[in-house]
Every structure is written in structure tokens, then in C-alpha cells.
There are 2 protein chains.
Amino acid sequence: MTALAAPAEPEISARQAEVLDAVLRQLMTDGNSLTMSAVARRASCSKETLYKWFGDRDGLLNATVKYQAARVHVAAVGPDPLDRAALTARLESFAINWLTVISSETSLALNRVAIGQAGSDRSLGAIVLANGRFALGSRMKPVLEAGRKAGLLAFADAEEAFRTLFGLVARDVQIRLLLGDAPALDPESIRAEASRSIGQFFALYGAQPGGGQAAP
Amino acid sequence: MTALAAPAEPEISARQAEVLDAVLRQLMTDGNSLTMSAVARRASCSKETLYKWFGDRDGLLNATVKYQAARVHVAAVGPDPLDRAALTARLESFAINWLTVISSETSLALNRVAIGQAGSDRSLGAIVLANGRFALGSRMKPVLEAGRKAGLLAFADAEEAFRTLFGLVARDVQIRLLLGDAPALDPESIRAEASRSIGQFFALYGAQPGGGQAAP
DNA sequence: GGATTGCCGTAACGAACGTTACGGTTCGGC
DNA sequence: GCCGAACCGTAACGTTCGTTACGGCAATCC
């Protein structure tokens with residue numbers, strides 16, 4: 001289930017992108033009741049066009065998820081040599097970005113739709129995972145391994161280290177937001193959360209002072 | 001939104017409990033398409049009875065969520081004096097229990113329903129949170145504070161410490177499961193995960209060797 | 001200039017489903 | 001035995017919504 005995405009990009013036109021933006025707005029405002037009529041009304045297009053372009057309702061949802069996922073890509077690897085400060089900055093930047101994404105109404109709406117369908121049809125969930133959690137992992141693991149190579153981190157398995165980093169950053173925020181709870185997440189608290197989580201990550205996986213593996 | 005639950009228990013009869021079990025089975029097998037007809041068929045009862053007992057579809061869902069939540073209660077506080085081994089055992093027991101719950105099909109189905117409705121109607125989400133995440137926190141915080149009083153843990157805010165513990169235990173497991181991914185979670189790996197997370201928690205908040213706060 | 005294409009707005013069809021109503025059956029009380 | 005209450009199985013009603021079809025309008029091509 002560690003599937004990749006985007007074997008064949010379907011060539012979204014500008015007008016089609018407008019329609020998908022309308023779908024996102026509709027998801028954010030009206031939640032789950034995403035009807036084709038509401039989308040057509042909000043996008044000022046005809047339902048016939050929706051079906052011609054996207055096939056059916058599932059096709060529209062899939063296109064929307066892929067469309068949104070294609071816009072999240074951020075922060076390429078960067079080949080600069082790593083010192084402790086640069087690694088910290090990169091990890092904190094990752095944490096800030098991730099917290100910002102998972103607390104955005106767009107991401108919440110899409111995750112809610114994908115989770116709501118995961119009982120029967122898990123294709124949306126696979127897309128969301130591939131472009132969220134797994135894309136993040138494959139982008140962060142080289143950073144972690146570069147930190148290890150530079151003698152700043154110590155771990156046996158980069159995947160395991162990333163999963164712990166993931167837990168330290170997200171904690172209970174994502175599940176609470178998904179369930180409708182609203183923890184305060186203004187940019188300042190996001191920065192504070194990122195700083196705390198990266199500090200804790202270094203306490204667990206840092207190699208400098210006494211560092212080493214964590215679990216006894 | 002840290003609401004309590006159960007001000008007035010609605011007195012579930014045995015037959016009604018059978019019906020709610022049928023709802024849970026229906027949710028687990030057929031996912032989101034939970035129709036009143038399917039519930040009535042599976043529970044061998046009439047739709048008229050469903051409406052007489054639970055009002056409407058939302059009432060049935062609410063009753064089901066509360067019914068399931070009322071069965072999860074585990075592991076009372078226990079007034080035994082804490083040493084390091086007892087605290088570790090209690091924390092690992094918590095972690096095992098929590099991982100087992102969030103990876104059960106029942107919990108997944110209920111969380112999916114509550115999340116799917118959280119866009120428009122977040123009453124289900126509030127119930128799930130109150131009986132899941134928040135019940136856990138209020139049950140664990142005394143343990144953490146007892147550990148601090150015994151000189152085994154060091155933290156400023158028990159809520160913050162618990163949230164970090166939560167993140168260390170759950171990591172990416174819950175969101176992956178909710179989205180339909182299937183990480184291996186047999187009882188042995190759950191035990192291993194629990195042991196690892198509690199070890200990391202002690203590395204961050206343990207007070208014995210050099211311990212103290214984690215973040216710089 | 002006329003034909004073709006693409007798209008908008010709206011109406012219409014059909015299936016799924018929540019909700020209600022009704023006849024038949026069982027069971028406890030008198 | 002008889003009555004009423006509770007409940008089962010099923011039919012029926014009304015709404016919502018996905019999907020399709022149709023008429024009109026603007027732009028493009030010949």
C-alpha cells in the first residue's frame with residue numbers, strides 16, 4: 001500500500017482547475033454534502049460539463065484530491081552541507097509546514113472525505129496517503145540520513161525515525177481536528193509546537209552529547 | 001470542547017444492545033453505507049422499532065457510539081505505590097490498550113463515521129473524542145502526576161506530557177488505518193511498539209539519571 | 001455567412017433511502 | 001379465552017441526488 005501516484009497526469013486545463021477549486025470550496029463550506037448540482041452552481045458550469053470532464057462523481061473527487069495534492073509539494077531536498085543549525089532549521093521547517101497543512105480547512109475536508117469512504121472504497125485514502133504521509137516520508141528520509149551521515153543523528157532505521165518524528169509533531173492534533181475539535185493553531189503556536197517537537201526529536205535521536213538509541 | 005459524557009444514561013435494554021451490536025457489525029462490514037433497512041435486516045427487527053427506540057438515524061448512530069464507548073472503559077487508577085517498574089508497566093499497558101483499540105475494526109468504523117460527519121454535524125465527533133482521546137487523558141494524567149510525585153518523571157504540564165505520550169504511541173498508525181492503509185498490527189508488534197514508545201517517553205520525561213525537560 | 005463545437009442553464013428520469021403506515025404474530029395480564 | 005401492548009416483516013410515500021437529455025448562446029472554422 002505504499003503506492004506511488006501520478007503515472008499519467010490528466011492535463012488539467014485552466015477552466016477545469018477553476019471547477020476543482022469550486023469543489024474544494026464546496027467541501028470546505030458545506031462539508032460532506034457534496035452534490036453535483038452544488039458544484040455546478042458554485043463553479044458556474046453545467047452538470048453535463050462535469051460529467052463530460054470527470055466521468056462521474058467519483059472521478060470528480062479523485063481529480064480534486066490529485067489536484068490539491070499536486071499543489072502541496074514544497075521544500076526540495078537542498079544539497080547544502082549539514083550542520084546542527086541547518087538540520088534543525090530544516091526539520092523545524094518541515095514541522096511547521098506539516099502542521100500548517102494538516103490544520104488547513106482544505107486538507108481537513110479532503111481527509112474527511114477520504115476517510116469517510118475508506119470503509120468501502122479506499123482509492124481516495126490511498127491517494128491522500130501517497131501524497132501526504134508517504135510523500136513526506138520519502139522527502140524527509142534523505143534529510144534524516146544526511147543528518148546521520150554528518151554525525152548529528154543516530155538511528156538504525158530512517159523509516160522508524162521518521163515515524164517517531166511524525167508522532168512528535170502531530171501528537172493528537174490531527175485526530176482532534178478531524179473529529180471537529182478545534183485546538184488553537186495560530187502561526188505562533190505552530191512555530192512553538194515545531195520547535196518543541198524537533199527539540200524532543202533531537203533528544204531521542206541526536207548523536208552529539210550522549211546520544212544514541214532511545215529505547216532500552 | 002473538552003466535554004464530559006453521560007449525564008443521563010438512556011437505559012439500554014438487552015434487545016436494544018443486540019440492535020446496536022448489529023449496527024456495529026454493519027458498520028464494520030459494509031462501511032459507510034449504513035441504511036436503516038440494512039440495520040433492521042441484520043438485527044432481525046422492524047424499522048418501526050428502530051424509529052420508536054432511537055428516534056431517527058442520527059439517534060441510532062449516537063446511541064451506537066455511546067454504547068461502544070461505554071464498553072471500552074479499562075484499567076482504573078490503582079492506588080499502589082509507584083516504582084519505576086510499576087510505572088513502566090502501567091504506561092506500557094496503556095499503550096498496548098490504546099493501540100489495540102485504535103486498530104480494531106469497531107473503533108475504525110466509528111471514527112470513520114464520526115469524521116465523515118464532522119464537516120457538518122460534529123456531535124458524533126465530540127462524543128468519540130470525549131470517550132476516546134479525552135477519557136484517556138483524564139485517566140492517564142493522575143498516573144503521570146503520581147510518577148512525578150514519586151520522582152520518576154519530570155514535566156511542567158501533565159496535559160502536555162500526555163499529548164507527547166499520545167504522539168509517541170500512535171505515531172502515524174491511526175491516520176494510516178483510518179485512510180485504509182494496513183500496517184501490520186499483530187499483538188506482538190503492538191507490544192513492541194508499546195515498549196518502544198514508553199522507552200522514548202522515559203527518555204524525554206524520565207527524571208532519574210540526568211533527566212529533566214526535553215526541549216532546549 | 002453558415003455550420004460545427006463547446007459549454008451553460010434547466011428540466012426530467014430513476015434509483016436509493018429515510019420515514020411512516022399497516023397487517024400479522026407473540027406474549028403477559030385478567 | 002380475550003385484550004392490549006410490543007414487535008416483526010413489508011409495503012408505500014416523499015425527498016434527495018446522481019445521471020442523462022434538451023434548448024440556447026458564444027466562439028471558431030470553412
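Given the structure is predicted, the values throughout are model-derived calculations rather than measurements. We use all heavy atoms of the structure for the numbers below, so side chains are in, but hydrogens, waters and symmetry mates are not. In what follows, chains are A, B, ... by sequence order, proteins preceding strands, each numbered from 1.
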inquiry  = Can you pull out every side-chain hydrogen bond (donor to acceptor under 3.5 Å, both in side chains) where at least one residue sits in residues 43-58 of chain B? Sequence neighbours excluded, please.
reply    = S37(B)-K47(B), S46(B)-T49(B)
ask   = Is any NZ, NE, NH1 or NH2 atom of the basic residue among R133(B) and E159(B) found under 4.0 Å from an Asp or Glu carboxylate oxygen of the other?
value =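 Yes, R133(B) and E159(B) are salt-bridged.
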ask   = Looking at R163(A) and E160(A), does any basic side-chain N land under 4.0 Å from a carboxylate oxygen?
value =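 Judged by the 4.0 Å cut-off on N to carboxylate O distance, R163(A) and E160(A) do form a salt bridge.
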inquiry  = For a quick check, with a 4.0 angstrom heavy-atom cut-off, what is the B/S/- contact string for nucleotides 12-24 of chain D, read 5' to 3'?
reply    = B----SSBB-B--
inquiry  = With a 4.0 Å limit, can you tell me whether W53(B) has a side-chain N or O closer than that to the phosphate oxygens OP1/OP2 of dC7(D)?
reply    =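 Result: yes.
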request  = Give a yes or no on whether the backbone of I127(B) and the side-chain of N131(B) come within a donor-acceptor separation of less than 3.5 Å.
outcome  = yes
query = When you measure from the side chain of S93(B) to the backbone N and O of A89(B), does any donor-acceptor pair fall under 3.5 Å?
reply = no
message = Assess, by modelled atom type and distance only, whether the side chains of D186(B) and S189(B) contain a donor and an acceptor separated by less than 3.5 Å.
response = yes
message = Nearest whole Å is fine: how far is dG18(C) C1' from L50(B) CG?
response = 12 Å
query = Are any non-hydrogen side-chain atoms of Y67(B) and V23(B) less than 4.5 angstrom apart?
reply =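 No, side chains not in contact.
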task = Over 60° means perpendicular and under 30° means parallel, so classify the ring planes of F162(B) and F94(B), tilted if in between.
result = tilted
message = Does anything in residues 19-27 of chain B come within less than 4.0 Å of DNA chain C? Heavy atoms only, and list the residues if so.
response =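 None, since no heavy atom is under 4.0 Å.
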